[in-house]
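Working notes, beginning with the structure itself.
Proteins come first, then strands; the chains are lettered A, B, ... in the order of their sequence lines, and each starts at number 1.
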Amino acid sequence: GQNIDQPTEMTATEGAIVQINCTYQTSGFNGLFWYQQHAGEAPTFLSYNVLDGLEEKGRFSSFLSRSKGYSYLLLKELQMKDSASYLCAVREWSDYKLSFGAGTTVTVRA
Amino acid sequence: SQTIHQWPATLVQPVGSPLSLECTVEGTSNPNLYWYRQAAGRGLQLLFYSVGIGQISSEVPQNLSASRPQDRQFILSSKKLLLSDSGFYLCAWKDSGDREPYGYTFGSGTRLTVV
């Protein structure tokens, strides 16, 4: 089974940087994912880490440490449209199931 | 390219009524298919997943069931809805192997309100 923890809410100013942490415990780790979900919409894929280190994709970066069971999503140059819920998800070897954390609601203020 | 269709977008059903939500995927074959539910302000809970026609795995015991009558069709059903079945239901697909896209692709979701 999975135990995935992330903060409930974060607030930041437009143009700033925000880091969303995620810790997990799993018996069969096979990748960590970050999704963005705007209110009332389906989640959309942001990033994927399976090896330790940093993956950068434009304004978004994701980091993974498998030994520590830890990941973070870094959002730079925040824009108002980045206000959303960010979901951390861990994939198991078994049938590639994804288990999700409860999500972190990020509010970007002008 | 692959697309996933889910319908209806919204649904209001009385307690005790039946339910049928449908999801279809185009542009791929033998996908892994998943049904998730998201209660208001909560995370995504995996309900069912399928790795092939007629193969259904249930994650959470409840009054819901799932079927996969065709390779790219996944159906979520209930004979009698409960108030606690209200939520945002999401279908997702993934390539059956460890190939890109590595993550799930979600349908647009069905918002179900049981009254």
Side-chain angles (χ1 to χ4, degrees), chain A residues 1-9 20 22-24 26-51 55 57 60 62 64 71 73 84-107, chain B residues 2-7 9-10 21 23 25 30-52 55-60 66 68 74 87-113:
Chain A
Q2 313 283 347
N3 187 14
I4 303 169
D5 291 313
Q6 52 182 127
T8 304
E9 296 180 339
I20 306 170
C22 172
T23 58
Y24 65 89
T26 179
S27 54
F29 179 82
N30 187 22
L32 188 136
F33 297 78
W34 284 96
Y35 281 80
Q36 181 190 59
Q37 185 179 25
H38 284 100
E41 298 181 8
T44 55
F45 170 78
L46 286 179
S47 69
Y48 165 63
N49 295 70
V50 67
L51 300 176
E55 293 284 339
K57 193 184 288 188
F60 294 178
S62 56
L64 175 67
S71 172
L73 178 69
S85 181
Y86 292 84
L87 309 175
C88 173
V90 175
R91 189 174 72 177
E92 297 179 359
W93 279 108
S94 171
D95 296 327
Y96 299 106
K97 291 187 293 183
L98 272 185
S99 296
F100 286 82
T104 299
T105 300
V106 172
T107 302
Chain B
Q2 304 93 351
T3 56
I4 179 169
H5 303 279
Q6 190 180 340
W7 67 92
T10 59
L21 302 180
C23 171
V25 181
N30 195 33
N32 286 0
L33 296 172
Y34 306 84
W35 277 112
Y36 280 85
R37 177 172 61 199
Q38 187 174 36
R42 306 283 297 276
L44 275 69
Q45 179 186 37
L46 179 62
L47 302 175
F48 301 94
Y49 69 96
S50 171
V51 299
Q55 300 180 56
I56 307 295
S57 296
S58 174
E59 290 291 300
V60 181
R68 186 171 177 173
F74 204 23
F88 191 39
Y89 287 81
L90 290 155
C91 179
W93 79 273
K94 187 209 168 300
D95 182 270
S96 58
D98 197 14
R99 298 182 289 270
E100 291 193 36
Y102 297 109
Y104 292 6
T105 300
F106 286 89
S108 53
T110 296
R111 189 161 305 281
L112 171 66
T113 304

Can you tell me if Y104(B) uses its side chain to pair, donor with acceptor, with the backbone of L98(A) under 3.5 Å? yes
How long is the straight-line distance from [atom2] of [Y] back to [atom1] of [X], given to the nearest 0.5 Å?
{"X": "S99(A)", "Y": "E59(B)", "atom1": "OG", "atom2": "CD", "answer": "7.5 Å"}
{"X": "E41(A)", "Y": "S108(B)", "atom1": "CD", "atom2": "OG", "answer": "10.0 Å"}
{"X": "Q45(B)", "Y": "F100(A)", "atom1": "CD", "atom2": "CZ", "answer": "12.5 Å"}

Can you tell which of A89(A), G40(A), S85(A) has the highest number of heavy-atom pairs within less than 4.5 Å of chain B? G40(A)
Looking at G103(A), P43(A), S47(A), A102(A), which one has more heavy-atom pairs under 4.5 Å with chain B than the rest? P43(A)
Beyond-backbone contact of K94(B) with K97(A), side-chain heavy atoms, under 4.5 angstrom: no
Quick one, Y35(A) with F106(B), criterion ring-ring contact (aromatic ring centres under 6.0 Å, His included). Give me CA distance, side-chain angles, the key distance, then yes/no. CA-CA 11 Å; Y35(A) 281 80; F106(B) 286 89; 5.6 Å; yes
Sort L44(B) into side chain, backbone, both or neither according to what part of it lies under 4.5 angstrom from a heavy atom of chain A. both
At a 4.5 Å cut-off on heavy atoms, which part of Q6(B) comes close to chain A: side chain, backbone, both, or neither? neither
L87(A) versus chain B, the contacting section by heavy-atom distance below 4.5 Å: side chain
